[in-house]
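Beneath this line is the structure, given in structure tokens, with notes to follow.
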Amino acid sequence: MDETTKPAATPNQTTMQVDTGRTIIITRRFNARAATVFEAWTSAALVKRWWAPKSHGVSVVSCEADVRVGGRYRYVLRHSSGEIAFSGEYREVTPPTRLCYTQVFEPMADAGAVLVTLTLEEQAGKTLLVATEVYPSRQAREAALSSGMEHGMRETLDQLDELVASLR
Amino acid sequence: MGHIWPMVETFTALAEPSRLRIVEYLRAGARPVGAISTALHLPQPQVSKHLRVLKQARLVDVEPRAQQRLYALRPEPLRELGAWIDRYRALWEARLDDLDALVTELEHSRSTRKRKG
């Protein structure tokens, strides 16, 4: 599956590329310095203002972030049928050019964590952001799940499908 | 929030390059293991191993025939993955539009403060 979006003619448009079936790469250019973008990505007060777009019918209930290597963050979202949380740990923190962290969807924490690497490249006051999300390998997933959990995971997947469908 | 988790099994089954090639090859129609092995230059035992993973992920079905089994692609998981990718892209586009507005506002207020300071 080679789902590649060609970079748009407008340089500030978001592009998303699916690579090798386990990696998603998102890019976007901003008319701002790297330090500003880095801060907006990591400051709990600022993350609230963009991470859950209103157009998707969810809102941010709380953001906590301890931005240092080994520090943790947690974002709680509210949707029509309840609250869900994403959380993780920072692996690399090199402001303003590089950030690396894990991300777990808490209702399915056993399925493993996504590894996100963010790079910010600044030139003449504009910044190119590249976010690379690497999803857990099948081996990692199988190690995390025991046979007894598979049924529970399928139920959670069904509930999640309903939730996602209700948000469209 | 559209997220990968509903698609974990499909996504990770496709994560192996040879399996991805097998799936793309089977788009043309159902094939036996031998034909897949020859067309993709992969040893037959490896093809069988990959087909087992793809079958477990419900990406392929086996059609038993008199002389040989044919492996056929099931389109539903790929369609679901395609739909999920579309939703996820829309989510990121919306997020990054909001982030764009925020950082533009932050930059503007900073330069305004500098001019006043």
Side-chain angles (χ1 to χ4, degrees), chain A residues 1-3 5 12-16 18 20-24 26 28-33 36-37 39-41 46-47 49-56 58 77 79 84 86 105 107-108 111-112 114 125 127 129 131 133 135-141 153 156-158 160-161 163-164 167-168, chain B residues 1-24 27 50 52-54 56-59 73 75 77-111:
Chain A
M1 165 149 302
D2 185 20
E3 170 80 25
T5 304
N12 286 11
Q13 208 155 315
T14 302
T15 74
M16 191 167 96
V18 178
T20 73
R22 244 197 343 122
T23 304
I24 295 179
I26 298 137
R28 174 106 179 209
R29 215 170 286 267
F30 296 93
N31 293 339
R33 286 163 302 145
T36 307
V37 180
E39 201 198 332
W41 201 278
L46 295 177
V47 165
R49 293 173 60 180
W50 63 271
W51 205 68
K54 292 180 190 59
S55 56
H56 277 63
V58 288
L77 304 171
H79 53 83
I84 51 173
F86 291 83
F105 178 58
M108 293 188 48
V114 180
T127 297
L129 176 149
E133 304 184 330
Y135 288 82
S137 68
R138 187 175 189 85
Q139 291 81 3
R141 208 179 119 243
M153 180 169 163
T156 309
L157 287 176
D158 288 343
L160 190 52
D161 269 340
L163 164 64
V164 168
L167 291 174
R168 299 198 65 192
Chain B
M1 304 282 299
H3 202 265
I4 188 60
W5 301 119
M7 296 292 121
V8 163
E9 191 158 54
T10 306
F11 209 53
T12 55
L14 294 173
E16 211 283 333
S18 297
R19 286 202 288 271
L20 191 56
R21 290 173 61 212
I22 292 171
V23 164
E24 285 173 346
R27 281 182 196 272
H50 288 314
R52 270 199 299 278
V53 173
L54 291 171
Q56 192 176 343
R58 299 181 326 126
L59 278 159
L73 207 54
L78 290 174
R79 276 204 290 263
E80 285 166 14
L81 185 58
W84 178 83
I85 286 170
D86 287 343
R87 287 197 300 270
Y88 198 51
R89 178 186 291 114
L91 171 66
W92 270 108
E93 282 172 353
R95 273 177 170 167
L96 296 180
D97 282 348
D98 285 356
L99 177 59
D100 198 354
L102 174 61
V103 298
T104 302
E105 182 195 310
L106 291 172
E107 283 286 330
H108 177 77
S109 70
R110 266 157 212 192
S111 54

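The chains referred to below are lettered A, B, ... by the order of the sequence lines, with proteins before strands, and numbering in each begins at 1. Nothing here was measured: the structure is a model prediction, and the numbers come from that model.
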Legend entry - Region of B/V23 that comes under 4.5 Å of a non-hydrogen atom in chain A: neither
Inset, instruction - Tell me, for B/R110 versus chain A, whether the close heavy atoms (under 4.5 Å) come from the side chain, the backbone, both or neither. - result: side chain
Inset, instruction - List in chain and number order the residues that pass salt bridge (Lys or Arg N to Asp or Glu O under 4.0 Å) with A/E133, two or more places apart in sequence or in another chain; answer none if no residue qualifies. - result: none
Legend entry - Heavy-atom pair count under 4.5 Å with chain B, highest-scoring of A/V37, A/N31, A/L46: A/L46
Inset, instruction - Determine the minimum heavy-atom distance between A/W50 and B/L102, stating which atoms define it. - result: CD1-CD2, 3.8 Å
Legend entry - Cation-aromatic face contact B/R89/B/W92, 6.0 Å, 45 degrees: no
Inset, instruction - Return the set of residues passing salt bridge (Lys or Arg N to Asp or Glu O under 4.0 Å) with B/D98 (not counting sequence neighbours), or none when no residue passes. - result: none
